[in-house]
Amino acid sequence: MTPRDQKLALLLIGIMALTVGLLGGYFLVFDPIVKNRAAETELQGEIADLEDKVKQQEARLKLLKIQQAQSLPVDQTVAKQEYFVALESLVDQAIHAAEAAGVAKGEIKATVKEKTDNTVRGIPEFSKGKPMYTKLAYTVVIKKADMWVVRDVLKAYYDLDLLHQITHFSLKKEDENTKGAVKRNDLTLEFTSEAIILEGATNGPQYRRTLIAVSNAFGAAGGGTLMQTLESSSKLGRGASARPSQPVLATKPRDYSLIVLKDPFNGPLPPPPPFSLEPVKDVTIKQNDTRAATVKLAAKGEGAAGATYRMIVSNVSGQPLPEGEIKGRGPTFELPKTSAGEGTAKVEVIAKSAEGKEARATFRVKVDPEEVEETKTVIKEDVSHAIILTMLTIRHEDGTASAAIRDGANRQRYEIEIEGKKVTVSKFYYIKDKKKEDEVDKSGVLLISDDSSGTKRTFKVVGVDGEGLILEDLKPNGDAPKAEAPRPRGPGGPRGGPAPKQGPANPVAAMGGNMASGAGIVASAPKLYRWTVGQSLYTMTKEGPLSERDAQKVLKQAADSGPMLEIAANR
């Protein structure tokens, strides 16, 4: 073999060895490494999927715990009772807010009724015949409502942290063809609410008897004993609810009063009047008067609800009051006592609204000497034109009635409630659109009077009939006459004459208003008036009293059956 052949042989052997080495490295080293890496990647993917499933299950478990807390109590008796109380409460709160704003008491009517619906169609099941939850349905109807009531009811409904929803909703205007001014409180709201009881919700030793789960904050504050006490008592637990854990309304701050401002039934609300102060009347005080004079301030318009007040004195003459600011926060201020014999002070009132707007007014304080030689008779204005019977409601189902009289000149209101033979007359006044009780008379006497006008009338509420409110004028000629001294009497009567005979019984005395039973006073026929809704006191008295025959008939009905004259007549 030649050297050339030897070299070629060696080259061929090297090439073959290299080829065998490469093939062996690929199949014995590289390929197993690639397969192991692919298997590792697959396993890591499976692990990630399992971790995602674990996270999803943990999130579902957390949501399930929230939903179990939002579920109604497992005991259906407790659930029905407490859910009914909750719906009734949120409706009552909206009605009370409307009455505080000036709506006549009893005008808004509301009912909450359970809706019988035992169907399980559409409810998912764990197994055949075992539904996942139980459904309770209630129907709420509110009549004579305005958009404020609708807004308050719906917001309070969605603030309840419960598994419930509205499945039927109806809002319609009743008096669409009514002529005259637009009525904003003629809406009828009707909706159906469905709430559910989850199967498997908390039971056993920690069995919940409250509608809404008690917040853990009570456990942190009072320990487990307080939590168990609240959860075991339906009434105690009603005030232990927290805000919704899953807000239903928009989470961003939003002003839902825009629903009212853009009323789709009656058009947008007119803009509120600008912030201003009610005029303040001048005050006259007596020298060395032991009683401190008070001044009531009232703001109106936008921002009046949270208004603050200041009063600053600047003397005009006589130095009756110390100059400077009078201490107090308002709206009622007590003027400083003075020993000055006379003088006049100027008082400036500065009111600031909740938005920072200011309104100013002034009045004067005059000091009169302690002894006044002459008193001048001041003829005060008659405001009987502004005193109107605005509402009269007769409830036949329970034999009760109510009436409301508004004094538009003095921001006063009289309310009459009749229950059986009991007549209660209440008098109210308003400060910053808030109603304050003034006087209550449980004997049925209606005293219409105020401090600023000359209108003063005294009536007794005889009763109500289908046409109006029946009143007896207790002082038709002013103050009642004084009783005369009895004449000398001998045995059997006045000297020289026979004993007086007993006359017919006076029906007025039977009503408790015997104005003619005093000694020496001759009984006169009572004057009865019928006051109809929408009629002013001036018009009622101008039209004159009922005829004597009608008056006697009314008094007999009242004496026999009480003030509900219409019911007495029907009987």
Side-chain angles (χ1 to χ4, degrees), residues 31-76 78-79 82-83 86 120-137 154-167 193-228 230-232 237-238 240-254 256:
D31 186 55
I33 291 175
V34 171
K35 289 182 179 179
N36 288 337
R37 288 182 177 177
E40 180 183 1
T41 302
E42 184 178 357
L43 287 174
Q44 288 179 347
E46 292 178 359
I47 292 172
D49 291 341
L50 290 175
E51 289 178 347
D52 289 342
K53 290 181 180 179
V54 170
K55 291 180 180 179
Q56 292 176 5
Q57 292 297 330
E58 290 176 348
R60 290 175 180 173
L61 179 61
K62 183 178 180 181
L63 180 60
L64 177 60
K65 291 181 178 179
I66 294 175
Q67 291 177 342
Q68 286 179 338
Q70 292 173 326
S71 166
L72 270 63
V74 177
D75 189 332
Q76 289 195 29
V78 176
E82 293 303 303
Y83 190 62
V120 294
R121 288 179 299 176
I123 299 179
E125 296 180 339
F126 288 114
S127 59
K128 183 66 175 178
K130 188 177 180 181
M132 290 185 176
Y133 58 82
T134 304
K135 181 172 61 176
L136 301 179
L154 293 181
K155 189 172 188 309
Y157 177 88
Y158 287 112
D159 280 343
L160 280 178
D161 195 12
L162 296 174
L163 293 178
H164 65 165
Q165 65 177 350
I166 294 176
T167 57
S193 175
E194 292 185 358
I196 62 175
I197 304 172
L198 287 179
E199 293 297 329
T202 304
N203 52 22
Q206 299 298 326
Y207 177 60
R208 193 176 99 220
R209 300 191 64 83
T210 58
L211 179 66
I212 300 175
V214 178
S215 172
N216 292 332
F218 290 93
T225 303
L226 178 60
M227 287 280 291
Q228 293 180 7
L230 293 175
E231 287 182 340
S232 62
R238 287 173 187 170
S241 60
R243 300 294 295 175
S245 54
Q246 297 289 333
V248 179
L249 297 175
T251 55
K252 294 182 179 180
R254 294 193 179 179
Y256 288 94

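We're numbering straight along the sequence, starting at 1. All values below were derived from every heavy atom in this structure, side-chain atoms included, with hydrogens, water molecules and symmetry-related copies excluded.
Side chains of Leu163 and Leu198 form a contact here, defined as non-hydrogen atoms less than 4.5 Å apart.
In this structure, the separation between CG on Leu136 and CG on Leu72 is 6.0 Å, given to the nearest 0.5 Å. Taken from CD in Glu194 to CD in Gln165, the straight-line distance is 6.5 Å, to the nearest 0.5 Å. With values rounded to the nearest 0.5 angstrom, Glu82 atom CD is found 11.0 Å from Leu162 atom CG.
Contact between Pro73 and Ala79 at its shortest, heavy atoms only, is O-CB, 3.6 Å. Between Ile197 and Gln76 the shortest heavy-atom distance is CD1-CG, 3.9 Å.
Legend: residues meeting side-chain contact (heavy atoms from CB on, under 4.5 Å) with Leu154, ordered by chain and number and at least two apart, are Val150, Ile166, Phe169.
A side-chain donor-acceptor contact under 3.5 Å links Tyr83 and Ser193.
Counting only residues at least two apart or in different chains, salt bridge (Lys or Arg N to Asp or Glu O under 4.0 Å) contacts with residues 35-57 comprise Asp31-Lys35.
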